[in-house]
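The block underneath contains the structure these notes are about, expressed in structure tokens.
All values reported here derive from a predicted model rather than from experimental measurement.
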Amino acid sequence: MADSLAAQIIAAIGGHENVRSLTHCATRLRFELVDASKVDQNSLEHMQGVLGAVPQSGDRFQVVIGGGVATVYENIMHLPEMASVGGTSASGDGQKSNADVKAEARSKARGKVAWLDSFFEYLADSFRPILGVLLGASIIIALINLLISLDVIPNDEASAGWVFVKAIWKGVFYFLPIMVAYNAAKKLKVDPWLGGAIMAILMTPQFTGLMDAKTTTCVENAALGTKSCTASIFGLPMALSDYSGNVFVPLLMAAVLALVYHGLKRIIPESVQLVFVPFFCLIIVGALTAFIIGPIGVWVGNGLGVGLAWMNTHAPFIFAIIIPMLYPFLVPLGLHWPLNALMLMNIQTLGYDFIQGPMGVWNFACFGATAGVLFLAVRDKDKDMRQTALGALAAGLLGGVSEPSLYGIHLRYKLIYKRMLVGCGLGGVVIAILGWLFPSVTAAGQTVHGVTTTAFAFTSLLTIPVFNQMWVYAVSIAVSFLTSFLLIITFDYRTPEQKAEVLARKSANQKDAVSSVEAKGAAPAAATATATAAATKTEAPAAAAATDEVNAPVAGHVISLDETGDPVFASRALGEGVGIQPADSTVVAPVSGVLQTVAETGHAFGIKTDDGVEVLVHVGIDTVKMNGEGFDVKVKANEHVNAGDTLVVVDFDKVKEAGYSTTTLMTVLNTVAFASVTPKTGVDVKAGESVIDIQR
């Protein structure tokens, strides 16, 4: 059996013992070696799946893979012999693992207020492990509601079968405080079973039975539709509440437990800690939770729920729009957990939740953007992105999980957010208007403006039936989905460089396919193709003249790609071409055609001629980091330009001051489609003079 690509690369690089460290970026594996002279560069350059091999100074070496670099990197790092080798993803333009992207996104909210960072991590890790059971329960709720609405099963509480089915999902939410307490305690390095046991005290039949005791005093809360009771325990008043489904109480309890637990471990001898630390914790924290922490947690949750309910009632438009616009920024940073907790509290206290409807608008805007990426990946035959987007879209539409889309795609291609936020905003406007015109009526007979639900549900296609005014919700999420989808497929989601890499991989795959056919000696097929081409040429005399040369986009001295200092361009992974050391500030179109891509920063342009020549003009090296400063762009994407039309006027002095190379690179992206692409180097040219010859 042939060695894997990962094993072949390590062998050609000089073996695992020659590797000091390994990282990767968008297209390249970056090796730091013990001895670069041990590298078999020729073997690497002719290796199936490798686009190029680029030696660098200081025993560093790059292997150009393309968009599948992350997979190759992971496969290499999982080789048994690589266990002792350090490696992390590069942070520049990197095609990072999802974990790296997540960590990088969340790090943006860190560093300024340490306690706030720790707080949100605490919230996230208290909920994250139970997402699976919450998701499973929400799907069960959705299916039951769907079957009831279709009259397949009766909504009959007296039926034993119905009671059993309800218990399947009800158990998850009833005992949710114990699960949260377990996770929260574990996060704070406390025995998690101790956290769960203390929370369970408040949920035993004996404790809940105190609410019905003769000596207990209860008061009805008309606003919330609940009752608050007070019992006398050893002469002390204890506020009683229904703690099922409550998440604020276990979060507060675990924090207090951590203080008591670690304090006791410092003063109790290690030999008896196993017995006496849990003993004192159960008594001390159990009592504190029942008398103080529990009532405070209920009060905080009720207050926040009532406050948001007031906003939803008195400012529904603002509420319905701000939620979907905030979520795209909250989720990557892990800051959405407080809202998730409030949803659960709303259901417990109010009997319904009004946050999940607008949240669904954001989710479907996210999934619409992913669907747009999938559409373009299929069109461009980008196999790697097609697989990523397909998996992310399935997880979203069927499971309501946005993380695969966010960390796998959206945070890697920042242009997606600009398209997706339009979908979030438009969907928010629709749910605000329709929610006001067609309010929901709760089980208690209350009229609520906006879409509500009585269940905590991950917003997916399967959970649409759990929402009241289901058609309002369905229309709103459809608007957000379609808006993001259409914006992505219309304006794309990639920078010119990112799109160029896709085209380069596609061309390389075509080259491999051609080589495979030639190796099989497919002479009859070649003869047929030649005859067909000749016939086509005869039958189409009116076709546009073939492009046989590419002109200089800027005046200056022409050098080879090898001399530009950019290893990716020098490797010809993006096609054959030239570099020009500019002597003028005006950059013009080197050919006539359609501008497929125009970087917002003005540093890169992709042009496709009428006869299929694809040209990339890249102004300077790493100038994307200037964010458009010094670049005066004169054209827009999808415009048709003639050779010599001005693309951008550049302040090259400002580029030099910023520390970047002014060398302007130009390549024919689909070089492999032609018989030859020959650069003319070592000469001084004016803009518009020929610098590349093309033979078909």
Taking only residues two or more places apart in sequence, or in another chain, which ones meet Asp492 in a salt bridge (charged side-chain N to carboxylate O under 4.0 Å, His left out)? Arg494, Lys499
In Å and rounded to the nearest 0.5 Å, what is the CD1 to OG1 distance from Ile488 to Thr490? 9.5 Å
Review item, side-chain donor-acceptor pairs of residues 629-636, under 3.5 Å, at least two apart:
| unit_1 | atom_1 | unit_2 | atom_2 | d |
| --- | --- | --- | --- | --- |
| Asp632 | OD2 | Lys634 | NZ | 2.7 |

How long is the span from the CG atom in Asn18 to the CD atom in Glu32, to the nearest 0.5 Å? 11.0 Å
Work out which heavy atom in Thr547 is nearest to a heavy atom in Asp611; give both atom names and the distance. N-OD2, 2.6 Å
Looking at Leu616, Val550, Val558, which hits side chain to side chain contact (heavy atoms under 4.5 Å, CB included) with Met666? Val550
Tell me the salt bridge (charged side-chain N to carboxylate O under 4.0 Å, His left out) pairs involving residues 573-598, sequence neighbours left out? Arg572-Glu576
Please examine the side chains of Met420 and Trp362, heavy atoms only from C-beta on, and report whether any two atoms are closer than 4.5 Å. yes
Mind checking side chain to side chain donor-acceptor pair (under 3.5 Å) for Thr664 and listing every partner two or more places apart, or none if nothing turns up? none
Side-chain touch Pro55/Val39, heavy atoms, less than 4.5 angstrom: no
To check you understand the geometry: which heavy-atom pair defines the closest contact between Pro582 and Val554, and what is its length? CB-CG2, 4.0 Å
With sequence neighbours left out, write down each residue that passes side chain to side chain contact (heavy atoms under 4.5 Å, CB included) with Asn551, or none if nothing qualifies. Glu549, Ala643, Ser690
So CG of Asp566 and CG of Leu665: to nearest 0.5 Å the spacing works out to 6.0 Å
Could you list the residues that satisfy salt bridge (charged side-chain N to carboxylate O under 4.0 Å, His left out) with Lys418, not counting sequence neighbours? Glu600
Give, for atom OG1 of Thr662 and atom CD1 of Ile580, the distance between the pair rounded to the nearest 0.5 Å. 11.5 Å
Heavy atoms, side chains only, cut-off 4.5 Å: are Phe605 and Val648 in contact? yes
Do the side chain of Thr564 and the main chain of Leu561 share a donor and acceptor less than 3.5 angstrom apart? yes
Would you say Phe674 and Asp548 make side-chain contact, with heavy atoms under 4.5 Å? no
Quick one: side chain to side chain donor-acceptor pair (under 3.5 Å) pairs with a partner in residues 637-648, sequence neighbours left out? none
What is the ring orientation for Phe375 with Phe485, classed by angle as parallel under 30°, tilted 30 to 60°, or perpendicular over 60°? perpendicular
Here the pair of heavy atoms bringing Ala589 nearest to Ile607 is CB-CD1, 4.1 Å
How far does CD1 of Ile13 sit from CD1 of Ile76, to the nearest 0.5 angstrom? 8.5 Å
Can you find a pair of side-chain heavy atoms, one from Leu5 and one from Asn75, that are under 4.5 Å apart? no
Nearest non-hydrogen partners of Gly577 and Pro679, listed with the distance: O-CB, 3.6 Å
Check against side chain to side chain contact (heavy atoms under 4.5 Å, CB included), Val50 and Ile9: CA-CA 9 Å; Val50 173; Ile9 290 174; 4.3 Å; yes
State, yes or no, whether a side-chain contact exists between Val613 and Val591 at a heavy-atom distance under 4.5 Å. no
Using modelled atom types and a 3.5 Å cut-off, is there a donor and acceptor pairing between side-chain atoms of Asn670 and backbone atoms of Gly612? yes
Between Arg419 (side chain only) and Ile489 (backbone N and O only), is there a donor and an acceptor less than 3.5 Å apart? no
I'd like to know if the side chain of Thr667 reaches the main chain of Gly575, judged simply by a donor and an acceptor atom lying under 3.5 Å from each other, with no hydrogens or angles considered. no
Could you tell me how the ring of Phe364 sits relative to the ring of Phe367: parallel (under 30°), tilted (30 to 60°) or perpendicular (over 60°)? perpendicular
Filter on side chain to side chain donor-acceptor pair (under 3.5 Å), then keep only pairs touching residues 650-659, sequence neighbours left out; what's left? none
Report the distance from atom NZ of Lys608 to atom CG of Leu595, rounding to the nearest 0.5 Å. 13.5 Å
For a quick check under 3.5 Å, do Thr370 and His410 share a side-chain donor-acceptor pair by atom type? yes
Under the 3.5 angstrom rule, does the side chain of Tyr417 hit a backbone N or O of Pro328 as a donor-acceptor pair? yes
Please report the C-alpha distance between Phe61 and Leu44 in whole Å, then the side-chain angles of each, then the deciding distance to 0.1 Å, and finally whether the side chain to side chain contact (heavy atoms under 4.5 Å, CB included) criterion is met. CA-CA 11 Å; Phe61 201 93; Leu44 284 168; 3.7 Å; yes
Non-hydrogen side-chain atoms of Leu415 and Phe491 separated by less than 4.5 Å: no
Scan for salt bridge (charged side-chain N to carboxylate O under 4.0 Å, His left out) pairs involving residues 675-693, sequence neighbours excluded, and state none if there are none. Lys680-Asp693
Counting heavy atoms not belonging to Leu397, are there more than 12 under 6.0 Å from its CG? yes
Hits for side chain to side chain contact (heavy atoms under 4.5 Å, CB included) against Glu563, two or more places apart or cross-chain, chain-then-number order -> Ile559, Ser560
Step by step, would you call His603 with Tyr660 a side chain to side chain contact (heavy atoms under 4.5 Å, CB included)? CA-CA 12 Å; His603 75 288; Tyr660 301 113; over 6 Å; no
Of all residues at least two apart in sequence or in a different chain, which pass the side chain to side chain contact (heavy atoms under 4.5 Å, CB included) check with Ser37? Asp35
Holding to side chain to side chain contact (heavy atoms under 4.5 Å, CB included), I want the full list of residues that pass it with Leu426, two or more places apart in sequence or in another chain. Val479, Thr483
For Ala389 versus Val373, what's the shortest heavy-atom pair and its separation? CB-CG1, 4.2 Å
Give me the atom names and distance for the closest heavy-atom approach of Gly428 to Pro324. CA-CG, 4.1 Å
Just so I know, are the side chains of Val430 and Val361 near enough to count as touching, which here means a heavy-atom distance under 4.5 Å? no
Under the side chain to side chain contact (heavy atoms under 4.5 Å, CB included) criterion, do Tyr327 and Cys366 qualify, and how do the steps go? CA-CA 10 Å; Tyr327 255 91; Cys366 172; over 6 Å; no
